[in-house]
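Shown next, in structure tokens, is the structure this report addresses.
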Amino acid sequence: MRRSLTANRLSSTPGIAARLEKWGTALESTALVLLLGALMLLAVGQIVLRIFFSYGFIWADELVKLFVLWIALIASIAASRSNRHLRIDLLSHFVADKYARFPRIIVEAFAAIVCALLAWHSWRFVQLTIEFEDSILVDFPAWIAYSLLPLSFVLMSYRFALSCGSEVVRAVRPDEAAE
Amino acid sequence: MIFSIALIILAIFGAPLFTIIAASAMFGYQNEGIDLMAMAIEVLGIASMPMLSAIPLFTFAGYLLSESNAPHRLVRLTSAMLGWMPGGLALVALAACAFFTAFTGASGVTIIALGAILYPALKQDGYPDNFNLGLVTTSGSLGLLFAPSLPLILYGVVAEISIDDLFRAGVLPGILMLVLLSGYSLWINRHNRKPLGSFSWGEVGSALWEAKWELPLPVVVLGGIYSGYFAVSEAAAVTALYVFIVEVLILREIKIKELPGLMRESMLLVGGILIILGVSLASTNYMIDAGVPQQILAYITEYVSSQASFLFLLFIFLLILGAILDIFSATVLVVPLILPIAAQYGVNDFHLGIVFLAAMQLGYLTPPVGLNLFIASYRFNRPIMNVYSATFPFLIILMISVLLIMYWPGLSLWLLSD
Amino acid sequence: EIKISTLLPNQSQWMQDMRAAGKVIEARTDGRVKLKFYGGGVQGTESAVLRKIRIGQLDGGTFAPTDFMKQNTAVNIYGLPFVFENWEEMRYVRDKMDPLLKAGFDELNYVTFGFVGSFSIVLSNVPISNHADMKGKKVWLPQGDTISYEAMKRLQLSPVALPVTDVLTGLQTGLLDIAAIPPEVAVALQWHTRVKYFTDMPVAYAMSFLAINKRKFDKLSADDQGVLTEVLTEVYKKIDLAAPQESENAMQALTKIGIQKVAPDPGQFSELQATMGESNKAMATEGIFPLDLYQQMQAYLTEYRNRSAAVANGQ
Ligand code: NA
Ligand code: NA
């Protein structure tokens with residue numbers, strides 16, 4: 001609960017940041033809707049083709065797996081925006097909010113750094129994929145499909161950094177945060 | 001060592017689990033001199049796991065079901081069929097929740113969707129308040145062993161065993177849990193003998209008629225598989241499409257414009273699970289590279305010789321694991337490590353799967369981290385300590401059933417085809 | 001230390017042979033070369049293993065020719081359906097052509113130590129003794145397998161494209177009627193428990209091999225390279241020579257559990273071969289594999305058949 005409040009507070013600041021939030025959310029949701037729909041249609045289409053036309057689409061499975069990978073990545077960007085990543089988070093259940101603030105700053109900073117590292121190394125991996133001209137499906141360049149990996153970690157890193165920043169702001173100016 | 005302790009502290013402070021796992025994997029790779037691009041390779045590895053598409057599709061279907069009026073229809077139908085018995089409403093609650101959880105993925109939505117209907121009904125019917133709270137809280141994860149629940153599928157994906165067979169293996173142990181909880185409920189309410197209503201064929205008929213769209217779902221899905229129309233891996237897409245057509249297009253209980261939000265909401269859970277799965281592949285890969293399972297095995301075999309004592313050790317371990325981790329994270333993290341060890345003690349893969357999931361089901365109810373406890377406390381506006389104590393007797397019953405499932409492998413293996 | 005990954009289970013004969021070979025190599029190189037094996041697919045699929053080799057996490061693995069098909073179309077030349085009628089033909093052609101394939105891997109920067117393979121046969125729920133029996137039946141098509149797909153189109157069969165993990169249940173429920181696979185693999189995957197018949201006719205040659213990345217190999221001294229090559233080549237030769245017997249044993253195991261053996265109609269193989277010959281040539285022209293290599297293979301085959309016909313006539 002608490003963290004989404006802070007995220008909302010940031011997003012309610014008018015201006016570019018807010019617009020970015022809005023468009024970002026819309027983009028994620030659209031992508032998720034399209035991918036989930038495509039996933040359903042692909043599998044059901046395959047069944048229909050098979051039963052009525054004795055036809056099989058040999059790349060269906062690979063395509064399905066690619067869609068699931070993309071869903072996983074986009075959904076985890078969305079999960080960090082809505083603060084829905086799975087956490088153990090014992091602290092917030094047993095310690096009063098004001099004592100939990102400092103640990104929270106550390107935790108968000110840590111998450112931002114880890115995601116940044118993941119982004120950097122997956123970007124290096126994507127470069128290697130370009131270099132070796134890997135392809136998936138029939139002849140689709142693999143790096144295009146895999147670029148979502150570094151991109152999603154960059155966005156998650158940005159998201160955690162933002163929430164770290166808002167914790168700092170709340171720690172420095174508690175009265176303003178209370179509003 | 002210092003690094004591990006730091007990570008544990010960060011986890012307790014509430015760092016997202018996937019960052020903890022990723023950090024430990026990166027640290028491990030670094031020490032082994034393996035290029036950290038390996039992280040990317042492992043995360044991309046989720047795309048080659050069989051049956052993976054079932055996870056987003058079943059989750060979506062579950063969210064659609066819980067947002068529609070299907071929970072009401074389900075409760076009405078079970079009341080019509082079981083409500084005439086003394087203590088019948090408690091049985092209604094158990095049966096309806098088990099069915100609903102199987103189809104909605106054991107993510108706690110059962111408590112929100114069904115608990116809200118059942119809790120006041122139980123109270124009105126004169127059941128003791130603590131009992132009601134405990135029952136509804138417990139029911140939130142009941143049915144986890146029944147197909148096609150999300151934890152079962154995830155376990156099959158991670159352990160790379162036949163999901164079809166895992167579904168069969170879960171049937172009898174799931175029924176055992178239901179029977180034991182029903183017995184307890186009837187015993188507690190033995191003095192409250194007032195039936196909910198008399199049995200009426202008319203009411204059963206009209207409840208059946210009202211649920212005419214949802215009832216064929218298991219038939220369509222299981223029937224479609226067993227008559228060869230589609231593969232197990234396609235069942236999830238069929239389910240999702242069927243539920244979508246029924247709830248959105250035919251019954252129109254979910255507006256088209258609510259749909260994107262609902263899809264996003266359901267995918268948040270999926271994203272949370274799959275990103276942990278991805279980075280866990282990396283940490284598992286590192287641990288296998290470093291020979292961790294062999295070390296654990298060597299250590300355990302030194303003290304534990306029989307399968308029975310190994311299973312008991314496993315039970316304790318899973319209780320601790322379930323106390324601090326949610327079922328999805330625990331599955332992807334721990335299953336790859338315990339599989340080879342359990343195999344050394346001659347534990348059947350499917351039996352192990354059912355024992356694991358049954359024990360992790362306890363985790364929904366054990367402090368400090370228990371999803372059902374949190375959701376019930378939030379939903380019914382009760383202090384968390386109150387929910388803990390109300391749920392405790394049910395936890396004991398479930399523990400007994402886990403032990404039975406553990407030491408009676410036949411229960412899990414009897415329905416397997418070979 | 002050379003890290004090698006395989007999908008084969010830890011208890012498999014291959015693993016035992018390789019572990020033994022590893023010990024020999026370690027002893028003969030005074031511990032300078034150690035082989036470390038990851039069995040049971042713990043390092044992921046072949047494509048993941050190839051990536052891990054690229055970043056230096058692993059050094060080698062067992063592969064099928066299809067894993068390299070995008071880089072070098074020549075390597076899957078033996079895998080074309082209905083080319084070889086028996087093990088003798090296969091042996092004759094392989095003795096001539098294996099060095100060419102080995103050179104192909106050389107270009108891809110991999111060292112190989114020989115190939116092993118087995119013929120896939122037809123497993124089915126209805127008796128299949130000729131081409132007509134297969135028509136209208138649902139035939140398993142491995143996901144992404146272009147060559148089998150082209151072959152099925154040419155033979156006018158109804159392909160059902162499914163991942164390997166769905167085949168077992170598919171055969172049981174009737175989603176699939178027919179699957180082609182080497183009998184020893186069928187036994188390992190338990191598919192034989194879900195079918196009633198098998199047809200003793202070689203459909204295609206399924207090959208597998210061990211490949212080690214040259215980057216690692218080139219770091220060894222010439223002597224150590226020699227030892228490694230010698231020992232591994234010997235092991236592969238042994239497994240390769242035992243393959244016909246292994247296949248025979250597996251088919252006997254099928255018969256033993258009550259699966260009925262169906263003999264193909266006389267002349268059936270030649271008929272299928274003729275039909276497929278055209279489609280194979282068409283595929284070669286489309287660039288799915290090199291035409292000259294295909295023609296070379298056909299030439300060797302003709303050579304062998306003429307020779308054995310001559311021998312038969314002479315007697
Ligand atoms: Na718990
Ligand atoms: Na838990």
Side-chain angles (χ1 to χ4, degrees), chain A residues 25 28-30 32-33 36-37 39-44 46-47 50-51 61 64-69 71-80 82 84-94 100 103-104 106-108 110-111 114-115 117-118 120-122 124-126 128 146 149-150 160, chain B residues 10-20 22-23 26 35-41 43-44 46-49 52-53 55-57 60 229-230 233-234 236-238 240-241 244 259-261 263-264 267-279 324-326 328-329 368-369 374 384:
Chain A
T25 313
E28 278 161 20
S29 302
T30 313
L32 287 174
V33 168
L36 199 57
L39 198 58
M40 248 189 295
L41 291 179
L42 196 58
V44 175
Q46 179 88 336
I47 299 169
R50 181 194 309 144
I51 296 177
D61 191 53
V64 160
K65 285 173 170 168
L66 197 60
F67 286 168
V68 177
L69 178 74
I71 288 180
L73 293 174
I74 297 172
S76 60
I77 303 171
S80 51
S82 308
R84 291 278 293 275
H85 275 294
L86 297 169
R87 308 176 185 237
I88 294 179
D89 197 8
L90 290 181
L91 207 63
S92 70
H93 287 285
F94 297 99
R104 237 182 270 143
I106 295 178
V107 153
E108 300 298 312
F110 165 80
V114 169
C115 287
L117 279 171
L118 287 170
W120 167 242
H121 291 294
S122 27
R124 287 178 53 227
F125 174 75
V126 170
L128 204 63
Y146 297 162
L149 195 62
F160 289 125
Chain B
L10 282 165
I12 292 172
F13 280 2
L17 270 176
F18 88 90
T19 61
I20 301 278
M26 286 194 282
D35 192 302
L36 289 182
M37 281 190 277
M39 293 299 296
I41 297 177
V43 174
L44 289 175
I46 54 176
S48 54
M49 306 192 89
L52 197 72
S53 62
I55 293 173
L57 289 169
F60 173 58
Y229 284 111
F230 47 83
S233 67
E234 293 162 338
V238 175
L241 191 71
F244 172 80
L259 211 56
M263 281 178 153
R264 180 192 169 90
M267 289 306 106
L268 290 179
L269 175 71
V270 171
I273 294 173
L274 291 187
I275 193 71
I276 290 185
L277 181 58
V279 294
I324 53 173
L325 280 182
D326 67 279
F328 304 113
S329 314
V369 179
F374 295 154
I384 192 101

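We name chains A, B, ... by the order of the sequence lines, and we start the count at 1 in each one. Here the structure is a predicted model, which is why all the values come from computation and not from measurement.
Ranked by heavy-atom pairs under 4.5 Å with chain B, the first of A/S29, A/A79, A/A43 is A/S29. Heavy-atom pairs under 4.5 Å with chain A were tallied for B/V43, B/L259, B/V270, B/D35; the largest tally goes to B/D35. Counting heavy-atom pairs closer than 4.5 Å to chain B, the top-ranked of the candidates A/F110, A/F160, A/W120 is A/F110. The residue among A/L128, A/V64, A/L39 with the most heavy atom pairs within less than 4.5 Å of chain B is A/L39. The candidate from B/L17, B/L274, B/I55 with the greatest count of non-hydrogen atom pairs under 4.5 Å with chain A is B/L17. The greatest number of non-hydrogen atom pairs below 4.5 Å with chain B, out of A/L66, A/V33, A/V126, A/D61, is found for A/V33. Between chain B and the options A/S122, A/A72, A/G37, heavy-atom pairs under 4.5 Å are most frequent for A/A72. Annotation: maximal heavy-atom pairing with chain A below 4.5 Å, among B/L57, B/V279, B/V238, B/L277, occurs at B/L57. Most heavy-atom pairs under 4.5 Å with chain A: of the set B/P260, B/A47, B/A40, this distinction falls to B/A47. The residue among B/P16, B/A11, B/A236 with the most heavy atom pairs within less than 4.5 Å of chain A is B/P16.
B/A23 and A/V114 get closest at one heavy-atom pair: CB-CG2, 4.0 Å. In terms of heavy atoms, A/V107 sits closest to B/A15 at CG1-CA, 3.3 Å. Scanning both residues, B/I46 and A/L69, for their nearest heavy atoms gives CG1-CD1, 3.6 Å. In terms of heavy atoms, A/E28 sits closest to B/R264 at OE1-NH1, 2.9 Å. Of all the heavy atoms in B/F60 and A/M40, the pair that sits closest is CE2-CE, 3.8 Å.
Judged by distance alone, the side chain of A/R50 and the main-chain N or O of B/Y229 form a donor-acceptor pair under 3.5 Å.
Using a 4.5 Å cut-off between heavy atoms, B/M49 contacts chain A through its backbone alone, with no side-chain atom that close. With a 4.5 Å cut-off on non-hydrogen atoms, B/I275 touches chain A through its side chain but not through its backbone. Only the side chain of B/I276 has a heavy atom closer than 4.5 Å to any heavy atom of chain A. Using a 4.5 Å cut-off between heavy atoms, B/I20 contacts chain A through both its backbone and its side chain. For a residue to count as touching a neighbouring chain, one of its non-hydrogen atoms must lie under 4.5 Å from one of that chain's; by this rule A/S80 does not touch chain B. Residue contact with chain B, scored on non-hydrogen atoms closer than 4.5 Å, involves the side chain of A/L149 exclusively. Contact annotation for B/M267: both backbone and side-chain heavy atoms come within less than 4.5 Å of a heavy atom of chain A.
The CD1 atom of A/I71 sits 9.5 Å away from the CG atom of B/L52 when rounded to the nearest 0.5 Å. For the atom pair OH (A/Y146) and CD1 (B/I41), the distance works out to 10.0 Å, reported to the nearest 0.5 Å. In this structure, CZ in B/F328 is found 8.0 Å from CG in A/L86, a value given to the nearest 0.5 Å. Note that CG of B/L269 is 7.5 Å distant from CZ of A/R84, once rounded to the nearest 0.5 Å.
For A/H121, the side-chain hydrogen bond (donor to acceptor under 3.5 Å, both in side chains) partners at least two apart in sequence or on another chain are A/R124. Partners of B/S329 according to the side-chain hydrogen bond (donor to acceptor under 3.5 Å, both in side chains) rule, which considers only residues two or more places apart in sequence or in another chain, are B/D326.
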